[in-house]
Each structure stands twice: as C-alpha cells, then as structure tokens.
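Here is the structure we will look at, set down as structure tokens.
Since the model is a prediction, treat every value here as computed from it, not as a measurement.
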Amino acid sequence: MKFKAPLITLGAGLVLAGVLYTLNVDLSNDVAKNKAAANQTTTAAAPATPASTQPGADPPPNTAPASSAPVGDGTGNAGKQGTVTYAGSVDGGAASLAIVVNNGKAIAYVCDGKKVEAWLNGTMANGQIDLTGPQGNLKGTYGGGQVKGTVAAGTKSWGFTVKTATAPSGLYRSAASLRSKLDASWVVLPDGKQVGVQKKNGETSEAPPFDVNSKTATVDGTKIPIESGDPNASSGY
C-alpha cells in the first residue's frame, strides 16, 4: 500500500488541472463573446454617415449667344456694324426720303422733286432718330429694319415709314468742287426711280438724272461726279 498515497495525490492533481483547464476555456469563450457583443453594440450605436447637405453645383451658365438684331436696330448706336441705308416715299407719296447711318451718326435728304428739299443730320441711337438742318428736321423711331416718324422741309411736313434699302438706293449729291456747274441732290428709291432738286441761278427745279453706275451727271457736255451721302464726311453730307 506504499503507492496508494502518491496515486491519490496524482489523481487529485489531474482532476484539479482538468477543472482549471475547463474554467480557463469557459472564461476565454466568455471574453470572446463579450468582446464580440461589445463590437456589435459599438457598430449599432455609431450614427450613419449623413447624406451630403451641400447644395448641388450651380448649372453651367447659358453661353448661347443672344439672337442678333438686324443691323441698325436695338440698343446703342444704329449702324454700329456698318453703314445702313433706308429709303422710300413719305406717306401719300408727295416726297421722297433717304436716311444713311453709320455708328450712330445719321444724315437724311428729303425732297419733292420740284422745289422743296432739306438736308438733315444728327443722331440715331437706342431706337430714336433726331435730325435737324437749316431747312427742316426729322424725328422718329427705328427697329425691325425700318424708320418711322415725321419729317419737315420748309413749310411742308410729312409722316413716313421707310425700310432698309441696298445700293444704288440711297441719297446722293453733286461733288462739292463742281457745284458751280451743278448743285443737285437726289434720293434713289428701291425701284430705281430718282427724285431730286437742283439749284441754279437762285432757283430750284427738278434735278437732271444721273448715271448710278458711273456716278456722274452730264451738264453742258461736262461729266460731274456724283457722291453718295456719307454721315462721316466733314460737311455732314
């Protein structure tokens, strides 16, 4: 029986070791479970990332060009893109009128083809035209390719609506250097008709026709140069 006590001691030690092992495994499992539970709680408690509250980017600016108004119309100076001519008859057809504008400077000539006439100059901008001269005046509005208003020459006054016209339509005058031979002015209408007045020996009368292609008029065998009205000329016309 000498070995009985050591065996009993050994058995008790093995039992104790088994119990300790089991407790250690259970404790490890509990720690792992608690840690996992804690992680789940933290994840559940974390607030969801809020959706962006920043305003959306502004839409790109509209870079499409504005519709182009006809030359000589709209705001600013008339004829800012180039010289524009208007020509036609006054209301009732008793006289003819031509207007030429370039970058806000305008000239006009009105005559009845007999005795009454007036050269005018002034401004044409922001939808308004205002011209004056020694023999008359013109006031009106423009837009949509036409000018509308009233024009006076001497004691005569007419309403009018004239539209844009292309060469040879327009206003003309004999060259300044040769007005001792011929002092005449004309309106050439869109249909090609010439209406003009000349001054001779202190009298006014119907002007002779001139060649619109060569821009000359023949007087007593001499060809006289005829010039187109120019708002930028030093004389104004």
Side-chain angles (χ1 to χ4, degrees), residues 68-74 77-122 124-125 127-131 133 135-153 156-175 184-198 205-217 224-233 236-237:
S68 298
V71 175
D73 292 351
N77 290 340
K80 56 189 172 184
Q81 298 178 22
T83 299
V84 183
T85 298
Y86 302 83
S89 299
V90 300
D91 297 347
S96 298
L97 170 68
I99 302 167
V100 179
V101 60
N102 181 275
N103 199 24
K105 295 176 66 176
I107 59 173
Y109 177 66
V110 59
C111 74
D112 65 357
K114 300 174 183 177
K115 292 186 176 183
V116 177
E117 66 171 350
W119 276 97
L120 313 166
N121 63 8
M124 188 171 176
Q128 303 290 321
I129 180 170
D130 187 359
L131 312 180
Q135 293 89 27
N137 61 78
L138 182 153
K139 292 183 182 295
T141 59
Y142 67 92
Q146 67 180 23
V147 182
K148 184 175 183 178
T150 58
V151 60
K156 305 280 188 175
S157 180
W158 305 276
F160 69 87
T161 300
V162 292
K163 298 182 178 181
T164 53
T166 57
S169 233
L171 52 85
Y172 298 85
R173 191 170 187 181
S174 55
S185 303
W186 298 264
V187 172
V188 177
L189 297 171
D191 62 3
K193 181 181 178 181
Q194 298 179 19
V195 182
V197 168
Q198 67 172 337
S205 60
E206 182 179 0
F210 71 97
D211 188 329
V212 294
N213 295 314
S214 64
K215 289 187 178 180
T216 58
I224 308 297
I226 306 302
E227 300 173 343
S228 302
D230 180 5
N232 296 311
Y237 29 79

Would a 4.5 Å heavy-atom cut-off, applied to side chains only, mark [X] and [Y] as touching?
X	Y	result
Val147	Val101	no
Ser205	Gln198	yes
Val187	Gln194	no
Val84	Met124	no
Lys215	Ser228	yes

For Lys139, salt bridge (charged side-chain N to carboxylate O under 4.0 Å, His left out) partners two or more places apart: Asp130

Value rounded to 0.5 Å, distance of [atom1] in [X] from [atom2] in [Y]:
X	Y	atom1	atom2	value
Gln135	Trp119	CD	CH2	11.0 Å
Lys148	Ile129	NZ	CD1	15.0 Å
Leu138	Asn121	CG	CG	11.5 Å
Tyr172	Ile226	OH	CD1	10.5 Å
Ile107	Thr85	CD1	OG1	9.0 Å
Arg173	Phe210	CZ	CZ	13.5 Å

Non-hydrogen atoms of Ser89 and Gly93 that approach each other most closely: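 Heavy-atom minimum between the residues: CB-CA, 4.2 Å.
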
Closest contact, heavy atoms only, Ala87 versus Val188: CB-O, 4.1 Å

For [X] and [Y], indicate whether the former's side chain and the latter's backbone hold a donor-acceptor pair under 3.5 Å.
X	Y	answer
Trp186	Pro208	yes
Thr216	Pro225	no
Thr83	Asn102	no

Side-chain donor-acceptor contacts of residues 109-118 below 3.5 Å, not counting sequence neighbours, with atom names and distances?
from, atom 1, to, atom 2, distance (Å)
Tyr109, OH, Glu117, OE1, 2.5
Asp112, OD1, Lys114, N, 2.8
Asp112, OD1, Lys115, N, 2.9
Asp112, OD1, Val116, N, 3.0

Steps toward side-chain contact (heavy atoms from CB on, under 4.5 Å) verdict (Leu97, Tyr86): CA-CA 8 Å; Leu97 170 68; Tyr86 302 83; over 6 Å; no

Candidate pair Val100 and Asp230, rule side-chain contact (heavy atoms from CB on, under 4.5 Å), full reasoning: CA-CA 7 Å; Val100 179; Asp230 180 5; over 6 Å; no

